[in-house]
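Notes for the one structure printed next.
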Amino acid sequence: VPAQLRMYQSVTLEAEYMEDGEMTGVPVEYAVSGANPAAYTVEESGNILTVTCWGGSTTPLTVTASYGDYSTSAEIYLKGI
């Protein structure tokens, strides 16, 4: 996960729940929060999430992937011009 995205940049993230070191193929849920909603868009397709930066935000975007009681999060700073 990149630490930051500049205006018009995108990143594709993929999360997978694993058991005993093996991918299970079960769907994970994504949640985004924090950053100004006008500064980014997200597109979700299965376990893949694409984030596109459209402008800056003083608060970073937090992306959380979860399955059941398990979750992981990452912060991405969105940079404007």
Side-chain angles (χ1 to χ4, degrees):
V1 177
Q4 70 178 18
L5 284 178
R6 295 197 180 279
M7 190 178 231
Y8 307 123
Q9 285 186 321
S10 296
V11 63
T12 299
L13 308 172
E14 184 172 7
E16 183 78 39
Y17 174 70
M18 300 176 77
E19 285 185 2
D20 299 322
E22 299 290 325
M23 291 188 214
T24 62
V26 299
V28 298
E29 291 185 22
Y30 285 103
V32 294
S33 62
N36 178 348
Y40 67 92
T41 55
V42 294
E43 294 179 34
E44 189 174 345
S45 177
N47 288 352
I48 297 172
L49 185 78
T50 302
V51 178
T52 301
C53 176
W54 299 113
S57 178
T58 56
T59 304
L61 178 67
T62 301
V63 178
T64 302
S66 60
Y67 171 77
D69 293 334
Y70 303 99
S71 67
T72 188
S73 296
E75 285 188 344
I76 303 171
Y77 285 88
L78 304 175
K79 303 292 185 180
I81 294 176

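Predicted, not measured: the structure shown is a model, and the values here were computed from it. Computation of the quantities below employed the complete heavy-atom set of this structure, encompassing side-chain atoms and omitting hydrogens, waters and symmetry-equivalent molecules.
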query: Should we say atom CD of Glu43 is surrounded by more than 12 heavy atoms from elsewhere, each under 6.0 Å from it?
result: no

- prompt: Any idea which heavy atoms bring Thr24 and Tyr17 closest together, and the distance?
  reply: OG1-O, 2.8 Å

- request: Output the distance between atom CE (Met23) and atom CG (Asn47), rounded to the nearest 0.5 Å.
  value: 10.5 Å

- prompt: Just checking, any donor-acceptor pair under 3.5 angstrom between side chains of Ser66 and Ser71?
  reply: no

- request: In sequence, state the C-alpha distance, the side-chain angles, and the governing distance for Ser73 and Thr64, and then conclude on side-chain hydrogen bond (donor to acceptor under 3.5 Å, both in side chains).
  value: CA-CA 4 Å; Ser73 296; Thr64 302; 2.7 Å; yes

field: Heavy-atom donor-acceptor pair, Tyr77 side chain to Ser57 backbone, under 3.5 Å
entry: no

- request: Taking the side chain as every heavy atom from C-beta outward, state whether Val28 and Val26 have any pair of such atoms under 4.5 Å apart.
  value: no

- request: Drop me the distance from Leu49's CG to Glu29's CD, to the nearest 0.5 angstrom.
  value: 12.5 Å

- prompt: When clusters are formed by joining ILVMFWY residues with side-chain heavy atoms under 4.5 Å apart, either directly or through shared neighbours, do Met7 and Trp54 land in the same one?
  reply: yes

Glu22 side-chain N/O to Glu19 backbone N/O, donor-acceptor pair under 3.5 Å: no

query: Do you know the tightest heavy-atom contact between Tyr30 and Gly46?
result: CE1-O, 4.3 Å

query: For the residue pair Pro2 and Ile76, what are the closest heavy atoms and their distance?
result: O-CG1, 3.7 Å

field: Residue pair Leu13 / Val63, side-chain heavy-atom distance below 4.5 Å
entry: yes

field: Single-linkage hydrophobic cluster Val1~Tyr70, side-chain heavy atoms < 4.5 angstrom
entry: yes

- request: Determine the sole option in Thr41, Val11, Thr12 for which the side chain to side chain contact (heavy atoms under 4.5 Å, CB included) test with Val51 is passed.
  value: Val11

Flag if over 12 foreign heavy atoms under 6.0 Å of CD, Glu75: yes

query: What are the two closest non-hydrogen atoms of Cys53 and Lys79, and how far apart are they?
result: SG-O, 3.7 Å

